[in-house]
Amino acid sequence: MDFILGGEQIDQEDFSGASIYLDACFILTYLDLDDNRRHEVARVLDVWSDYPGVVLGLSNHTVAEVINRLFQMKILGALEVYHQNNKLINQTKDGFNNLASKQRIQLLDLDGARFLYSLAKREEIMSYYKKNVNIKLNVMELIKLAKKDEVNRNKLDVFYRDAVDTFEEFVHKMTDELGFEAVEFLDSSADISYPAAKIFMYQFQLDITDSFHLAIAQENEYNYLATLDGDFINNFYSRDTSLSTRIIKVA
């Protein structure tokens, strides 16, 4: 049996009644309209949705990775729009409303973006290349600084809420629009998943995050694990591999 499915193999597989675990990079790519791999991820979801009884699965690891990354992306996106349109916003009458619709959406919240931008500039943790923003520190370092401001820290709330809303909209879309049977939130137990994850890390040279994804998929007896991560593709899978969960390598 081939333990890795990709390309044309995905189109030839019968996914009727299948359970498919999604890792974080799969979901984040689907949510990123500018990612050149998104088209293939969307196509694969359409392929699966054509089969009856397909269930998608997410673990707490997946949910945490996705929401945390969305939160950081929304902060960076707001800072970039604010920087690129600083003069328009602050020196032009009704400048905010003169932004393009896409820019207003990306800015998310004017007060929040202005607060974070001013803080990053004051603390000298933001650098610029032409009109692009480059945060020299991790976004979460900026957030830690923002939380020290007891008066303004509530301006972060909109970014937290929007990250969660974006994730939950994805979940609802999978069932309400694409018609999947269900999206399950999977349990994992330390006495099963952790020992298995260690073995996968040693055996397949996966990082521990990927190893846990695979371990949780197997613990819940899922048929497939869908990923874009190239670490899952290596020759070790051909060495007497006895995985019950098969890997779908997309894009």
Distance (rounded to the nearest 0.5 Å) between Tyr160 OH and Ile67 CD1: 12.0 Å

Aromatic ring pairing Tyr51/Phe15, orientation class (parallel under 30°, perpendicular over 60°, tilted between): perpendicular

Where Asn223 and Ala18 come nearest, the two heavy atoms and their spacing: OD1-CA, 3.4 Å

Tyr21 side, atom OH; Thr227 side, atom OG1 - distance, nearest 0.5 Å: 10.0 Å

Heavy-atom closest contact (Arg114 atom, Asn90 atom, distance): NH2-OD1, 3.0 Å

Whether Asp149 side chain and Asn152 backbone form a donor-acceptor pair below 3.5 Å: yes

Candidates Asp32, Asp162, Asp109 - the one meeting salt bridge (Lys or Arg N to Asp or Glu O under 4.0 Å) with Lys74: Asp162

Plane angle bin for Tyr194 and Phe212 - parallel if under 30°, tilted between 30 and 60°, otherwise perpendicular: parallel

Glu184 side, atom CD; Ile20 side, atom CD1 - distance, nearest 0.5 Å: 11.5 Å

Exam field: side chain Glu40 to backbone Val250, donor-acceptor pair closer than 3.5 Å: no

Val55 backbone acceptor or donor facing Ser19 side chain under 3.5 Å: no

For Phe180, ring pair (Phe, Tyr, Trp, His ring centres under 6.0 Å) partners two or more places apart: none

Ser193-Glu219 side chain donor-acceptor pair, cut-off 3.5 Å: yes

Name of the residue among Asp23, Val171, Leu186 meeting side chain to side chain contact (heavy atoms under 4.5 Å, CB included) with Leu58: Val171

Contacts of Asp157 that satisfy side-chain contact (heavy atoms from CB on, under 4.5 Å) - sequence neighbours left out: Asn154, Arg161

Atom pair CG/NE2 of Asn86 and His83 - distance to nearest 0.5 Å: 8.0 Å

Any residue meeting salt bridge (charged side-chain N to carboxylate O under 4.0 Å, His left out) with Asp11, in chain and number order, not counting sequence neighbours: Arg43

